[in-house]
Peer 1: 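Following this message is one structure expressed as structure tokens.
Count residues from 1 along the sequence. Each ligand, and each atom within it, is numbered from 1 in the order the structure gives. Computed from a prediction, not measured in an experiment: that's the story for all the values here.
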Amino acid sequence: MPTRPYVIDTMISAKSIAARIEELAREIKEEFQGTDKLVVVGLLRGSFVFIADLVRELDLPVEVDFLEASSYGDGTESSREVRILKDLRGEIGGRDVLLVEDIVDTGFTLKHVIGLLQSREPHRLKTIALLDKPSRREVDVKADWTGFEIPDEFVVGYGIDFAQRNRNLPHIGKVRFTEAEQA
Ligand SMILES: O=P(O)(O)OC[C@H]1O[C@H](OP(=O)(O)OP(=O)(O)O)[C@H](O)[C@@H]1O
Ligand SMILES: [Mg+2]
């Protein structure tokens, strides 16, 4: 479905993202130092760029797995119903797990996926989100590490979409509609 016309204003540059990922990777390495069994789980689709950059900064023995969840359609509002579209390939029982999320907005997705993964009894489950919009939170959840706290703007780029578009932007931008909504 075509959306109203919009432009994208830069919010966080590719350079700032790369610098922040280096810092986050240092903290994660400290947390998981000594582990021989870290599974890094990317939450698709939005986290595919972030996880690719993050794991390349982690000189730890890691395995990578993916879970696909979806709750936004083509609009900018959550359906508040998290659908699991693809499950992990591997077992995580007894393992150290790092769940990688692109953005925490209402919190429904992260909360739901944490519950799902905890039910499989990992040894340790930690979470990281590149972006956090605390002012939009509807359920009580927070990632263990956050890249950037951002204001209440609909963002795209660096893996994050609006109606499946703009995931390939190298930076984070905010969507600005250029025409008023039809009544
Ligand atoms: O905190 P919330 O309000 O739940 O929003 C955050 C989630 O919403 C988006 O996923 P989406 O459903 O758009 O799927 P996608 O990753 O495939 O784009 C985003 O990638 C997060 O996973
Ligand atoms: Mg999306």
Peer 1: For atom 6 (C) of ligand 1, which protein heavy atom lies nearest, and how many Å away is it?
Peer 2: Ile103 O, 3.2 Å

Peer 1: Would the number of heavy atoms belonging to other residues, nucleotides or ligands and lying under 6.0 Å from CZ of Arg165 be above 12?
Peer 2: no

Peer 1: Among all the protein's non-hydrogen atoms, which is closest to atom 2 (P) of ligand 1, and how far away is it?
Peer 2: Thr106 OG1, 3.3 Å

Peer 1: For ligand 1, which atoms sit closer than 4.0 Å to a heavy atom of Asp102?
Peer 2: 19 (C), 20 (O), 21 (C), 22 (O)

Peer 1: Could you walk me through whether Lys133 and Glu153 pass salt bridge (Lys or Arg N to Asp or Glu O under 4.0 Å), step by step?
Peer 2: CA-CA 8 Å; Lys133 270 192 224 177; Glu153 301 281 356; over 6 Å; no

Peer 1: Looking at Gln164, I'd like to know if its CD atom is crowded, meaning that more than 12 non-hydrogen atoms belonging to other residues, nucleotides or ligands lie closer than 6.0 Å.
Peer 2: yes

Peer 1: Are more than 12 heavy atoms from other residues, nucleotides or ligands located less than 6.0 Å from atom NZ of Lys174?
Peer 2: no

Peer 1: I'd like to know if Lys111 pairs up with Asp140 as an ion pair, taking the criterion as any Lys NZ or Arg NE/NH1/NH2 lying under 4.0 Å from an Asp or Glu carboxylate oxygen.
Peer 2: no

Peer 1: May I ask you to identify the nearest protein heavy atom to atom 22 (O) of ligand 1, giving residue, atom name and distance to one decimal place in Å?
Peer 2: Glu101 OE2, 2.7 Å

Peer 1: For ligand 1, is any non-hydrogen atom under 4.0 Å from Asp161's backbone (N, CA, C, O), its side chain (CB onward), both, or neither?
Peer 2: side chain

Peer 1: Heavy atom of Ala69 under 4.0 Å from ligand 1?
Peer 2: yes

Peer 1: For ligand 1, is His112 a contact, meaning one of its heavy atoms is under 4.0 Å away?
Peer 2: no

Peer 1: Under a 4.0 angstrom heavy-atom cut-off, which atoms of ligand 1 come close to Ser71?
Peer 2: 12 (O)

Peer 1: Have a look at Phe48, Phe108, Tyr72 and point out the one with the heavy atom closest to atom 11 (P) of ligand 1.
Peer 2: Tyr72

Peer 1: Hey, which N, O or S atom on Asp161 ends up closest to the Mg ion (ligand 2)?
Peer 2: OD1

Peer 1: Starting from atom 4 (O) of ligand 1, locate the nearest protein heavy atom and write down its residue, its atom name and how far away it is, to 0.1 Å.
Peer 2: Thr109 OG1, 2.5 Å

Peer 1: Quick check: Arg167 and ligand 1, any N/O pair under 3.5 Å apart?
Peer 2: yes

Peer 1: Against heavy atoms of Arg45, which atoms of ligand 1 measure under 4.0 Å?
Peer 2: 15 (P), 16 (O), 17 (O)

Peer 1: Does ligand 1 have a heavy atom under 4.0 Å from the side chain of Leu43, from its backbone, from both, or from neither?
Peer 2: neither

Peer 1: Please determine if Ser78 has a nitrogen or oxygen closer than 3.5 Å to a nitrogen or oxygen of ligand 1.
Peer 2: no

Peer 1: For a side-chain contact (heavy atoms from CB on, under 4.5 Å) with Tyr158, tell me which candidate from Asp102, Ile12, Asp53 qualifies.
Peer 2: Asp53

Peer 1: Treating Ile, Leu, Val, Met, Phe, Trp and Tyr as nodes and any side-chain heavy-atom pair under 4.5 angstrom as an edge, say whether Leu58 and Leu43 lie in one connected cluster.
Peer 2: no

Peer 1: What part of Glu68, side chain from CB on, backbone N/CA/C/O, both or neither, has a heavy atom under 4.0 Å from ligand 1?
Peer 2: neither

Peer 1: Check ligand 1 against Asp105 and write out every atom of the ligand that is under 4.0 Å from a heavy-atom position of the residue.
Peer 2: 1 (O), 2 (P), 3 (O), 5 (O)

Peer 1: Would the Tyr6 and Phe162 ring centres measure less than 6.0 Å apart?
Peer 2: yes

Peer 1: Answer yes or no: does atom CZ of Arg120 have more than 12 heavy-atom neighbours from other residues, nucleotides or ligands under 6.0 Å?
Peer 2: yes

Peer 1: Are there more than 12 heavy atoms of other residues, nucleotides or ligands under 6.0 Å from atom CD of Glu138?
Peer 2: yes

Peer 1: Give the atom numbers and elements of ligand 1 that come within less than 4.0 Å of a heavy atom of Ser70.
Peer 2: 12 (O)

Peer 1: Looking at Glu121, I want to see if its CD is surrounded by more than 12 non-hydrogen atoms of other residues, nucleotides or ligands under 6.0 Å.
Peer 2: no

Peer 1: Closer than 4.0 Å to some heavy atom of Gly46 - which atoms of ligand 1 meet that?
Peer 2: 15 (P), 16 (O)

Peer 1: Can Thr127 and Asp144 be counted as having a side-chain donor-acceptor contact under 3.5 angstrom?
Peer 2: yes

